[in-house]
Amino acid sequence: MRLSHFLAVLGFSLLALRPAQAEERIYTFAVVPQFPQGQIAATWMPVLAEIEKRAGVKLRLVGSPQIPDFERDFLSGRYDFAYMNPLHALAAARKGIMDPMVRDPEADLRGVLVVLKDGPITDPRQLDGREIAYPAPNALVARLVIEGDLKTKFGVRGVPRYVKTHASVYYNVALGLSPAGGGAATTLALQPPAIRDRLRVIYESAVYPAHPVSVNRRVPAAHRRAVQQAFLAMALDERGRRLLAQVPIRSLKATGAEEYGSLEREDLLKQVFRSLGGDTGKR
């Protein structure tokens, strides 16, 4: 057999032995827009490139300019994989669209209420009737939890102003455009010192499970497992941890909808299940 013929036969044989997950199907991967799209692309594209290598699947990062756009798209089944807040993850699971797959056990969520560091507001009670900046109506700890706690714990009813992202909340407060804003401890820690150092936290909420990566139920089981295992493996070696740290994700564990079920018992979240077209949280 001539060498060229042998190599051609060998190449065909190796292609035949490649697993089904190596087909050139491209899966969409979305990230809830807590940050500007450029920042999301810079942090997530290297992660997805590494997942592609480890899992043998093709992934394409897709963007949403605002959280309401992201909600509409994941509820319509547009995304194959998505990094989403816990409420989104539970709503998607209850509607039979997506299931939580992995989450960071070291990055549970805590809402924060921030004001200008050198400003006159030092107590949440001073915000009654005042404007409060939030990322979006359904932002879990940044709006729903903070606004609910303001009402139940302090008797405060603020005037919400939605500014699209967590980063925009902090900029608005730091520049004096809003007297206060709701955010998350994790996103506040990622702000530039020039912004973060101008803010004071005057209230912190209880802790909730962290954002998971969820997977659409239409994705074949073999591909789901491959991507899940690739994420878990990344958290175990130096290169993977370095890439995940940019998200930021410190570690990863397998997860499922059951870890987020406690959210259904929160009265303040029932309105959101209705707005997302799901149940009322009474299961």
Side-chain angles (χ1 to χ4, degrees), residues 21 27-32 34 44 47-48 50-52 54-57 59 67 70-71 73-111 138-141 144-145 184 186 205-236 240-241 244 247-270 272-283:
Q21 66 191 50
Y27 292 107
T28 54
F29 192 108
V31 176
V32 62
Q34 296 173 301
W44 275 96
V47 171
L48 298 189
E50 187 68 17
I51 293 294
E52 283 188 332
R54 295 178 186 234
V57 300
L59 298 170
I67 291 176
F70 176 84
E71 291 172 342
D73 288 341
F74 84 74
L75 286 170
S76 70
R78 177 186 173 195
Y79 306 135
D80 297 309
F81 297 91
Y83 179 73
M84 49 179 43
N85 81 33
L87 178 63
H88 291 154
L90 186 59
R94 292 293 185 257
K95 287 177 69 66
I97 300 169
M98 307 183 83
D99 294 307
M101 186 172 65
V102 295
R103 75 173 181 90
D104 184 348
E106 299 182 43
D108 287 343
L109 297 176
R110 184 186 296 274
N138 292 341
L140 177 58
V141 294
L144 292 167
V145 170
T186 50
S205 78
V207 175
Y208 294 81
H211 288 48
V213 173
S214 291
V215 57
N216 198 300
R217 294 183 183 179
R218 67 168 172 258
V219 175
H223 294 191
R224 274 183 271 164
R225 286 193 299 270
V227 172
Q228 181 186 47
Q229 291 305 311
F231 268 110
L232 295 174
M234 280 186 70
L236 298 177
R241 285 196 298 269
L244 290 170
V247 171
I249 291 174
R250 290 187 287 272
S251 64
L252 284 170
K253 60 169 279 188
T255 190
E258 66 279 357
E259 287 206 83
Y260 296 90
S262 62
L263 293 172
E264 290 182 308
R265 294 193 292 273
E266 296 282 350
D267 288 341
L268 66 97
L269 300 181
K270 291 176 182 177
V272 185
F273 278 93
R274 297 189 198 91
S275 74
L276 293 176
D279 58 40
T280 60
K282 295 180 180 179
R283 290 176 185 246

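Quick caveat: nothing in here was measured; it's all calculated off a predicted structure.
- Atom CG in Leu59 sits 12.0 Å away from atom CD in Glu50 (nearest 0.5 Å).
- For the salt bridge (Lys or Arg N to Asp or Glu O under 4.0 Å) condition, no pair includes a residue of residues 83-92, sequence neighbours left out.
- Residue Ser251 holds its OG atom at 10.5 Å from CG of Leu232, rounded to the nearest 0.5 Å.
- Of all heavy-atom pairs between Asn216 and Gly77, the closest is ND2-O, 3.7 Å.
- Side chain of Arg217 to main chain of Ala93: a donor-acceptor pair is present (N/O by atom type, distance under 3.5 Å, no hydrogens or angles).
- With salt bridges taken as basic N to acidic carboxylate O contacts below 4.0 Å, none links Asp99 and Arg224.
- A heavy-atom distance below 4.5 Å is found between the side chains of Pro86 and Leu109.
- The aromatic rings of Trp44 and Tyr83 sit tilted, their planes meeting at an angle between 30° and 60°.
- Distance alone, capped at 3.5 Å, is enough to place a donor-acceptor pair between the Asn85 side chain and the His88 backbone.
- Looking at heavy atoms from C-beta onward, Val31 lies out of side-chain contact with Phe70 at the 4.5 angstrom threshold.
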Using the rule given for side-chain contact (heavy atoms from CB on, under 4.5 Å), can you reason through Arg218 versus Asp80, listing the C-alpha separation, both sets of side-chain angles and the distance that settles it, and then say yes or no? CA-CA 8 Å; Arg218 67 168 172 258; Asp80 297 309; 2.9 Å; yes
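- Although no hydrogens or angles enter the test, the distance criterion places a donor-acceptor pair under 3.5 Å between the side chain of Asp104 and the main chain of Arg250.
- The aromatic rings of Phe81 and Tyr27 sit perpendicular to each other, their planes meeting at more than 60°, with 30° as the lower class boundary.
- Atom CD1 of residue Ile97 and atom CZ of residue Arg78 lie 14.5 Å apart, to the nearest 0.5 angstrom.
- Note on Lys253 versus Glu259: salt bridge recorded, some NZ/NE/NH1/NH2 to OD/OE distance being below 4.0 Å.
- Pairing each heavy atom of Ser214 with each of Met84, the nearest pair is OG-SD, 3.6 Å.
- Using a 4.5 Å heavy-atom cutoff, the side chains of Arg94 and Leu90 are in contact.
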Output, in order, the C-alpha distance, side-chain angles, deciding distance and verdict of side-chain contact (heavy atoms from CB on, under 4.5 Å) for Val227 and Val215. CA-CA 9 Å; Val227 172; Val215 57; over 6 Å; no
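- Between Ile51 and Met234 the shortest side-chain heavy-atom distance falls below 4.5 Å.
- In this structure, Arg103 contributes its side chain and His211 its backbone to no donor-acceptor pair below 3.5 Å.
- Between Val213 and Phe29, the closest side-chain pair of non-hydrogen atoms falls below 4.5 Å.
- No donor-acceptor distance shorter than 3.5 angstrom exists from the side chain of Tyr208 to the backbone of Leu140, with no hydrogens or angles considered.
- In terms of modelled atom types and a separation under 3.5 Å, the side chain of Gln228 and the main chain of Met101 share a donor-acceptor contact.
- Using a 3.5 Å distance cut-off with no hydrogens or angles, the side chains of Tyr79 and Asp73 do pair a donor with an acceptor.
- For the pair Ala89 and Pro100, the tightest heavy-atom approach, listed with the atom from each and the gap, is CB-CG, 4.2 Å.
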